[in-house]
Amino acid sequence: QVQLAESGGGLVQAGGSLRLSCAASGRTYSSYPIGWFRQAPGKEREFVATISWGGHYTNYADFAKGRFAISRDNAQNTVYLQMNSLVPEDTAVYYCASGIGGSTAVGYASWGQGTRVTVSS
């Protein structure tokens with residue numbers, strides 16, 4: 001079982017940047033893809049990005065392409081989500097998750113508690 005803890009959220013102005021971190025513990029962390037999802041108030045959780053266990057494969061939601069970048073450092077047991085050119089619509093709680101991968105939540109069994117991102121206009 002992988003335990004995950006997100007950090008790095010906060011309040012940022014539109015056009016700004018944030019880097020989210022997902023710290024993992026557990027012996028099999030580096031063997032699994034890691035995904036980022038987000039949930040805005042009153043909306044369903046949606047896929048943001050995913051990265052393969054070796055970091056060679058990444059996939060992004062359309063809204064994230066060109067603005068967000070996912071990366072991982074298995075030596076540090078950490079996955080990052082660099083978010084640039086933020087807009088108010090990016091306001092949400094961001095979650096990282098570990099599992100078999102893909103762009104739907106059903107592909108991930110272990111979830112963190114989330115970190116809140118608020119983008120002001």
Asker: Rounded to the nearest 0.5 Å, how far does CD of E89 lie from CZ of R38?
Answerer: 9.0 Å

Asker: Which heavy-atom pair separates V2 from A24 by the least distance, and what is that distance?
Answerer: CG1-CB, 4.1 Å

Asker: Checking the side chain of R72 only, and the main-chain atoms of S52 only, is there a donor and an acceptor separated by less than 3.5 Å?
Answerer: yes

Asker: Nearest 0.5 Å, what's the OG-CD distance between S25 and Q3?
Answerer: 4.0 Å

Asker: Are the side chain of N74 and the backbone of W53 linked by a donor-acceptor contact shorter than 3.5 Å?
Answerer: yes

Asker: Any side-chain heavy atom of T91 sitting closer than 4.5 Å to one from V117?
Answerer: no

Asker: Any chance you could pull the hydrophobic cluster mates of I100, using side-chain heavy atoms under 4.5 angstrom and chaining through other members?
Answerer: none

Asker: Which other residues belong to the hydrophobic cluster containing Y95, where Ile, Leu, Val, Met, Phe, Trp and Tyr are joined when side-chain heavy atoms lie under 4.5 Å apart, directly or via other members?
Answerer: F37, F47, V93, Y108, W111

Asker: Apply side-chain contact (heavy atoms from CB on, under 4.5 Å) to residues Y94 and R116 and explain how you reach the verdict.
Answerer: CA-CA 6 Å; Y94 284 72; R116 184 174 302 275; over 6 Å; no

Asker: In sequence, state the C-alpha distance, the side-chain angles, and the governing distance for Q82 and L20, and then conclude on side-chain contact (heavy atoms from CB on, under 4.5 Å).
Answerer: CA-CA 6 Å; Q82 177 67 43; L20 306 184; over 6 Å; no

Asker: Return the OG1 to CD1 distance between T78 and I34, rounded to the nearest 0.5 Å.
Answerer: 10.0 Å

Asker: Determine which pairs satisfy ring-ring contact (aromatic ring centres under 6.0 Å, His included) with at least one residue from residues 62-93, sequence neighbours left out, and list them in order.
Answerer: none

Asker: Mind listing the closest non-hydrogen atom pair of D90 and R67 along with its distance?
Answerer: OD2-NH1, 2.7 Å

Asker: Roughly how far, to the nearest 0.5 Å, is the CH2 atom of W36 from the CD atom of E46?
Answerer: 14.5 Å

Asker: Take S98 and L4 through the test side-chain contact (heavy atoms from CB on, under 4.5 Å) and record every step on the way to the result.
Answerer: CA-CA 8 Å; S98 173; L4 303 169; 4.0 Å; yes

Asker: Side chains of residues 6-19: which donor-acceptor partners sit under 3.5 Å, not counting sequence neighbours?
Answerer:
unit_1	atom_1	unit_2	atom_2	d
E6	OE1	Q113	N	3.0
E6	OE1	G114	N	2.8
E6	OE2	C96	N	2.9
E6	OE2	G114	N	3.3
S17	OG	N84	OD1	2.9

Asker: Can you name the residues that form a side chain to side chain donor-acceptor pair (under 3.5 Å) with S110, not counting sequence neighbours?
Answerer: Q1

Asker: Please name all residues satisfying side chain to side chain contact (heavy atoms under 4.5 Å, CB included) with T58, sequence neighbours left out, ordered by chain then number.
Answerer: I51, Y60, I70

